[in-house]
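One structure follows; several queries about it will come next.
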Amino acid sequence: MFQVQHLNVKPETKKLETKQQMKELVNKLKGDRVIWSFVALLALFSFMPVFSASSNLAYIGHGTGNTLGYLVKHLAHVCIGFLIIYWVHKVPYHYFRAISKIALPVVWLLLLYTLLKGTVIAGANASRWIQVPFIGITFQTSTLAASVLFIYVARYLSKTKEENEPFQTSFIQLWVPVFITLALILPANFSTTALIFSMVMMLTFIGKYPLKYIAFIIGSGVVMLAFFLLVAKAFPDSRFFSRVSTWESRIMNFTTDKPDEDDYQIEKAKIAIASGRLGGLGPGKSVQKNFLPQSSSDFIYAIVVEEYGLVGGVSILLLYLLLLFRFVIASHKANTLFGKLVVVGLGFPMIFQAMINMAVAVELLPVTGQTLPLISSGGSSIWMTCFSLGIIISVTKKEEEIAEEQEEKERRKEALQRLIDKELAEEDLPVDEREEIYEEEAMYSIQDNSRNPMNAVLNK
């Protein structure tokens with residue numbers, strides 16, 4: 001009878017302990033819980049499309065079609081991404097003001113190294129990745145550069161709100177770093193350069209930078225791009241201008257009916273979307289994933305619609321729009337101008353990138369190579385998205401949450417100081433008194449090397 005009751009109680013106790021642990025974990029998550037929820041939903045939904053859409057990579061990679069390894073890899077990327085969100089959201093967001101100024105030159109060195117010695121992966125003809133030494137992980141440096149640049153621009157705009165700096169000063173302090181960053185990204189990735197430039201223009205407009213200066217910068221950007229294209233025409237065989245012909249062909253093929261590789265991708269994506277209809281073919285039952293290149297990254301939205309139908313595609317779109325709405329609310333509630341601009345500068349590009357990815361799948365835009373944030377496979381894309389989300393969530397933390405974290409930090413400092421003071425006090429004691437303390441501590445130790453295991457308790 002006693003054993004039956006014990007068996008009945010034990011599972012309930014485990015459930016209560018699990019619920020308590022989950023409650024404690026949720027309580028440790030500060031900031032906007034709605035943003036946390038939307039991010040978790042997008043990440044959870046990503047597993048089935050990635051698992052299904054990775055089949056062509058599996059056939060190309062090892063010829064078996066087994067996508068379990070790609071699913072485990074995506075799981076690792078997502079888990080690391082959520083750890084990044086957790087760690088970053090614990091950091092007060094105003095710390096990133098100074099960090100952005102220091103990090104920008106480091107980013108330039110990484111971009112330059114990528115341009116000269118970058119790695120080509122997944123059949124791309126552009127060096128956009130660098131390989132981390134001793135680990136073997138590839139990382140796309142332009143994603144890091146975009147986040148750092150947006151924070152830097154937000155820092156400058158918030159700093160100069162009360163100051164009427166002349167245009168020459170702002171050009172050196174703001175626009176020279178922006179153009180250096182864009183110039184280092186442009187040769188390998190035009191779409192990312194255009195997206196970053198557009199978002200910087202939007203950020204400066206929201207930050208109330210003078211409109212006449214914004215118009216001048218836009219004109220200067222167009223002139224610089226035209227100059228770059230002219231130089232590319234003059235030196236067509238240079239590796240720095242190898243992508244220009246690809247850009248031209250994509251734009252020309254988008255406006256005409258001339259068939260090429262990009263048209264092949266778009267046609268397969270449209271077939272996938274048309275096949276999905278309202279309810280989709282079902283999870284894992286996509287057909288076009290076997291024919292569509294980059295089906296797990298650039299064109300994953302087409303696979304989502306094919307397998308989950310119009311319902312799944314619209315649901316993903318609504319999740320991104322709701323996330324955008326929460327970003328607007330977070331920006332409005334931020335206590336400082338820097339916080340408002342950081343939320344806009346890091347949050348809006350995420351949503352615009354998602355819209356660009358979806359627009360490419362339905363041929364509203366030329367092929368760009370932009371991934372679907374939090375859903376497409378790819379480590380650097382997920383990690384930098386999570387880095388940006390961590391900063392945004394840090395901005396949304398309430399005053400009582402910040403005070404609680406500060407109080408906990410002070411308690412840890414006091415405890416550490418007490419330990420240090422105790423050690424210093426013991427070092428100042430005479431040798432005899434110090435030995436007596438050590439003997440007394442040893443007597444109450446729970447460690448015991450004798451044969452009787454109860455001696456430690458009995459002696460105490």
Side-chain angles (χ1 to χ4, degrees), residues 93-105 107-108 111 142-186 189-230 324-325 327-353 355-356 388 391-392 394-396:
Y93 70 91
H94 58 83
Y95 285 10
F96 293 98
R97 290 175 63 104
I99 292 174
S100 66
K101 191 174 181 179
I102 300 169
L104 201 58
V107 164
W108 292 342
L111 289 173
S142 60
T143 57
L144 173 63
S147 299
V148 172
L149 184 64
F150 293 143
I151 298 171
Y152 178 85
V153 173
R155 168 195 165 276
Y156 178 83
L157 293 173
S158 62
K159 184 189 74 169
T160 58
K161 180 190 176 184
E162 306 298 334
E163 304 171 9
N164 294 321
E165 289 190 347
F167 177 68
Q168 292 84 352
T169 304
S170 67
F171 184 83
I172 294 171
Q173 295 185 6
L174 175 62
W175 296 112
V176 168
V178 168
F179 282 126
I180 289 174
T181 307
L182 296 178
L184 292 171
I185 298 174
L186 177 60
N189 199 336
F190 173 74
S191 60
T192 300
T193 306
L195 177 63
I196 294 173
F197 184 72
S198 302
M199 293 298 101
V200 169
M201 291 298 104
M202 179 198 67
L203 195 56
T204 52
F205 176 76
I206 294 173
K208 297 183 179 180
Y209 191 76
L211 290 177
K212 58 181 179 180
Y213 297 156
I214 293 177
F216 176 78
I217 293 299
I218 292 174
S220 301
V222 173
V223 171
M224 291 180 185
L225 178 60
F227 178 75
F228 176 83
L229 295 175
L230 288 174
L324 175 64
F325 180 66
F327 289 157
V328 173
I329 293 176
S331 177
H332 180 69
K333 289 184 176 180
N335 297 325
T336 63
L337 178 60
F338 176 69
K340 295 176 186 293
L341 294 175
V342 161
V343 173
V344 172
L346 295 178
F348 282 34
M350 202 181 302
I351 308 302
F352 277 96
Q353 182 180 335
M355 298 303 165
I356 290 171
S388 299
I391 298 176
I392 292 170
S394 178
V395 175
T396 64

Review point. Side chains of F96 and I391: closer than 4.5 Å at any heavy-atom pair?
Key: yes
Practice item. Quick one: closest heavy-atom pair of P349 and F150, and the distance? Key: CG-CE1, 3.6 Å
Check your understanding: Atom NE2 of H94 and atom CG of N335: how far apart are they, to the nearest 0.5 Å?
Key -> 11.0 Å
Practice item. Evaluate the criterion side chain to side chain contact (heavy atoms under 4.5 Å, CB included) for residue pair L157 and L337; output intermediate values, then yes/no. Key: CA-CA 9 Å; L157 293 173; L337 178 60; 5.8 Å; no
Review point. Among all residues two or more places apart in sequence or in another chain, which pass the side chain to side chain contact (heavy atoms under 4.5 Å, CB included) test with T192?
Key: S142, I185, N189, I196, Q370
Name every donor-acceptor pair, under 3.5 Å, that has one atom in a side chain of residues 166-173 and the other anywhere in the protein, sequence neighbours excluded.
{"residue": "S170", "atom": "OG", "partner": "F167", "partner atom": "O", "Å": "2.9"}
{"residue": "S170", "atom": "OG", "partner": "Y209", "partner atom": "OH", "Å": "2.8"}

Practice item. Kindly give the heavy-atom pair with the smallest separation between A103 and V148, and that separation in Å. Key: CB-CG1, 4.0 Å
Review point. F197 and I217: which non-hydrogen atoms are nearest, and at how many Å?
Key: CZ-O, 4.0 Å
Practice item. May I ask you to test the Y93-T336 pair for a side-chain heavy-atom distance under 4.5 Å? Key: yes
Revision key, fill the gap. In short, L111 meets A145 closest at the heavy-atom pair CD1-CB, 3.8 Å
Study note, to complete from the structure: Output for pair (F179 CZ, S220 OG), nearest 0.5 Å, gives 5.5 Å
Exercise for review: To the nearest 0.5 Å, tell me how far L346 CG sits from I151 CD1.
Suggested key: 5.0 Å
Review point. In Å and rounded to the nearest 0.5 Å, what is the CG to CG distance from L149 to L182?
Key: 6.5 Å
Check your understanding: Are the side chains of F190 and L225 in touch, meaning some heavy atoms are under 4.5 Å apart?
Key -> yes
**Study point:** Spatial distance of atom NZ (K333) from atom OG1 (T396) [nearest 0.5 Å]
**Key:** 9.5 Å
Check your understanding: Checking side chain to side chain contact (heavy atoms under 4.5 Å, CB included) for the pair W175/V153: CA distance, chi angles, key distance, verdict?
Key -> CA-CA 9 Å; W175 296 112; V153 173; over 6 Å; no
Check your understanding: Does S331 reach the main-chain N or O of V328 with its side chain, forming a donor-acceptor pair under 3.5 Å?
Key -> no
Review point. Looking at H332 and K340, what are the two nearest heavy atoms and their distance?
Key: O-NZ, 2.9 Å
Practice item. Look up atom CD1 in I329 and atom CG in L324, then write down how far apart they are to the nearest 0.5 Å. Key: 10.0 Å
Review point. Between the side chains of T181 and Y152, is a donor N or O closer than 3.5 angstrom to an acceptor N or O?
Key: no
Study note, to complete from the structure: Closest non-hydrogen atoms of M201 and T204, given as atom of the first, atom of the second and distance, are O-OG1, 2.7 Å
**Study point:** More than 12 heavy atoms from other groups under 6.0 Å of CZ on F228
**Key:** yes
